[in-house]
Amino acid sequence: MIIITILEFLLIAIFAMALGLLFMGIARKVVARTQKRIGPPFYQPYLDVLKLFGKDAITHGFIFDFGAIMAFGGMIATLFFVPIGSIYLYSMSGTLLLVIYLMAIAYLGMAMATVGSGNPLASVGISRALTQMLGYEMPFIVVLLTLIYSSGSSSIVGIMQAQQGGFMNWNLINVPLGTLVAFIALLGLMGKKPFDAPIAPSEIASGPVVEHGGKYLGLLMLQHAVSIVVKTALFVNLFFGGASNILFFLLKMLLVWLLATLIGSVFPRFKVEEGVLFYWKWPLIGALIQAVIIIF
Amino acid sequence: MKEKYKSSKWQEVINWAQKRSLFMLHYCTGCGAIELPPTMTSRYDMSRFGIGPAATPRQADILLITGYLSTKTLRRVVYTYEQMQDPKFVMGFGSCTINGGMYWDSYNTIKQLDKYLPVDLYIAGCMPRPEAILEGFLDLKEKIENGEAKGYKKYKEEYEYYKTNQKKVLGEVKRRQ
Ligand code: SF4
């Protein structure tokens, strides 16, 4: 019995990694096409990861290693609470809030790795990331509380089930303004273009990962892949009604991811303080209006 | 020491992946650097060969030296090279790295890059056009596939030679972290 459970966990983790890398490849292709390039093949991220794991790696001490593993582990732990299609491991109440907390662990892991490496650019990057988190979490949490109120459940599975019975029951239709706000927050969550100040490659040399080479970078690429899956899956579950069929679910995830990628490929980036200000202005107002509409 | 643990089959797989995914760090001090933006962007698009820019030396596979190096920048290039992770490759770009080019009698540039760093491949020309650069990359890929791009091993084996050459132009290399 316990072995089957462990296998389940392992399978889900591997599946999410593979899927995330595929999504990254598709995104690179899409961005290339919008810039009138041909772009790398869609399986490029798999090759990148394989190559990175074949390279040497240099460590900067225990905290550095621990931080990288904590970032990876935090993301994997989050994954287990997010249903993918009809596959879910936990359905108790409160998973939605738990997921929000767990997602921060990955960032804290990155912060630890940053401290371990001692690189100033990395500290700038991670402080930007945490500042930006302050920005997008505020409107996002307001929308989530609205959802919890409207569907009367604080578990992701519960919210998903509350939307069952066709297109008209989706939160996309019932909570349109909230969906928009959450999507803008999602861009920040995934570090997509208007809000990618934390990793700005041309100014702070890819920010938190500046000292990660070889195998560490491979690990963090996998972490990024899993985080893409977690975040898009969360969004699909909350606003697109989830799906009972895994194929439909993947299709919806791809839709969300492509939309975010397309938006990311045409926008320049906000400065970090501008990003936070932006989040605290329009999305927050939108989220509050939505909350008032839903409650009264 | 590492060689013992890597079976040759595994190494082949790694080489296969390495060939198709190269992160490039371009050290743009020379004038030839101006040919890199067209190579990277829509017109010539090198990402279709799996080559992309890397942000830092730690993440990079290729160190691209785009032209003349003054003795002052040589020191930074050596630091950069030593920060990179193995398998790493150096490409000399433009005639300045081969024989000094039009700076052949300058008092403060180095003339021959491979006295100081193990160069795997040169791209001749002043300056080489994007087509030539892509051709160079394809050649490098072939070398990696055949296991001929061994500059990083050579650097370790003949460390003394490179260090004495470096010291000759730089004076004692002091490292401060
Ligand atoms: S080879 Fe020519 S273009 Fe390149 S750095 Fe030297 S002088 Fe400039």
Side-chain angles (χ1 to χ4, degrees), chain A residues 21 24-25 27-29 31-61 64 113 117-122 125 196 199-221, chain B residues 1-3 5-7 9-26 28 37-63 80-89 134 141 144-145 152-153 156 177:
Chain A
L21 289 178
M24 278 160 84
R28 279 172 77 170
K29 196 79 186 171
V31 170
R33 294 310 295 167
T34 51
Q35 295 172 348
K36 289 200 172 168
R37 290 187 288 122
I38 293 178
F42 73 92
Y43 51 81
Q44 185 67 37
Y46 295 102
L47 295 176
D48 286 349
V49 167
L50 190 60
K51 175 206 76 176
L52 285 171
F53 276 108
K55 280 181 77 116
D56 272 8
I58 189 166
T59 174
H60 296 268
F64 186 74
S117 74
N119 191 312
L121 291 181
D196 72 337
I199 53 160
S202 44
E203 293 111 41
I204 51 169
S206 74
V209 296
V210 65
E211 281 291 333
H212 292 77
K215 295 183 172 76
Y216 290 91
L217 195 61
L219 194 68
L220 291 183
M221 246 177 111
Chain B
M1 182 201 84
K2 268 277 156 64
E3 295 310 298
Y5 301 109
K6 281 179 187 165
S7 72
K9 272 274 175 278
W10 176 237
Q11 192 56 48
E12 261 172 38
V13 173
I14 295 297
N15 281 351
W16 176 83
Q18 174 78 71
K19 181 191 150 193
R20 282 162 179 79
S21 146
L22 293 164
F23 294 173
M24 175 192 74
L25 184 73
H26 32 288
C28 292
T39 318
M40 282 190 248
T41 48
S42 318
R43 186 67 190 262
Y44 292 99
D45 183 27
M46 65 187 191
S47 74
R48 60 201 153 118
F49 303 114
I51 305 162
T56 74
R58 295 261 188 237
Q59 303 165 0
D61 305 302
I62 306 178
L63 179 57
T80 308
Y81 181 71
E82 288 178 353
Q83 276 183 33
M84 285 163 65
Q85 312 290 312
D86 278 354
K88 50 187 174 183
F89 315 100
L134 286 179
K141 282 172 128 189
I144 295 171
E145 171 101 274
Y152 62 100
K153 284 180 191 155
K156 275 180 206 157
Q177 290 279 326

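Remember, it's a predicted structure, so these values are computed and weren't measured experimentally. Lettering follows sequence order; numbering is per chain, from 1. Side-chain atoms are counted along with the backbone in the values below, which use heavy atoms only and exclude waters and symmetry mates.
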Quick one: does [X]'s side chain have a donor or acceptor within less than 3.5 Å of a partner on [Y]'s backbone?
| X | Y | value |
| --- | --- | --- |
| Q35(A) | T41(B) | no |
| Q18(B) | G54(A) | no |
| D56(A) | P87(B) | no |
| Q44(A) | R20(B) | yes |

Which atoms of [X] approach chain A - backbone, side chain, both or neither, heavy atom under 4.5 Å:
| X | result |
| --- | --- |
| D61(B) | both |
| A54(B) | neither |
| F23(B) | both |

Nearest non-hydrogen partners of [X] and [Y], listed with the distance:
| X | Y | result |
| --- | --- | --- |
| I38(A) | R48(B) | CD1-CD, 4.0 Å |
| L50(A) | I14(B) | O-CD1, 3.9 Å |
| D45(B) | R37(A) | OD1-NH1, 3.3 Å |

- Task: Flag yes if more than 12 heavy atoms outside Y152(B) fall under 6.0 Å of its OH atom; otherwise flag no.
- Result: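 Yes - once you tally the heavy atoms of other residues, nucleotides and ligands closer than 6.0 Å, there are more than 12.
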Separation of [Y] [atom2] from [X] [atom1] (nearest 0.5 Å):
| X | Y | atom1 | atom2 | answer |
| --- | --- | --- | --- | --- |
| Q83(B) | E211(A) | CD | CD | 6.5 Å |
| L217(A) | R58(B) | CG | CZ | 12.0 Å |
| K36(A) | R43(B) | NZ | CZ | 12.5 Å |
| L52(A) | S21(B) | CG | OG | 6.5 Å |

- Proximity breakdown for V209(A) and chain B, heavy-atom pairs closer than 4.5 Å: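 When you check distances to chain B, atoms from both the backbone and side chain of V209(A) fall under 4.5 Å.
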- chain A interface, residue from A55(B), S47(B), A17(B) that has the most non-hydrogen pairs under 4.5 Å: S47(B)
- Most chain B-contacting option - heavy-atom pairs closer than 4.5 Å, from G118(A), A57(A), P41(A):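 Of the options given, most contacts go to A57(A).
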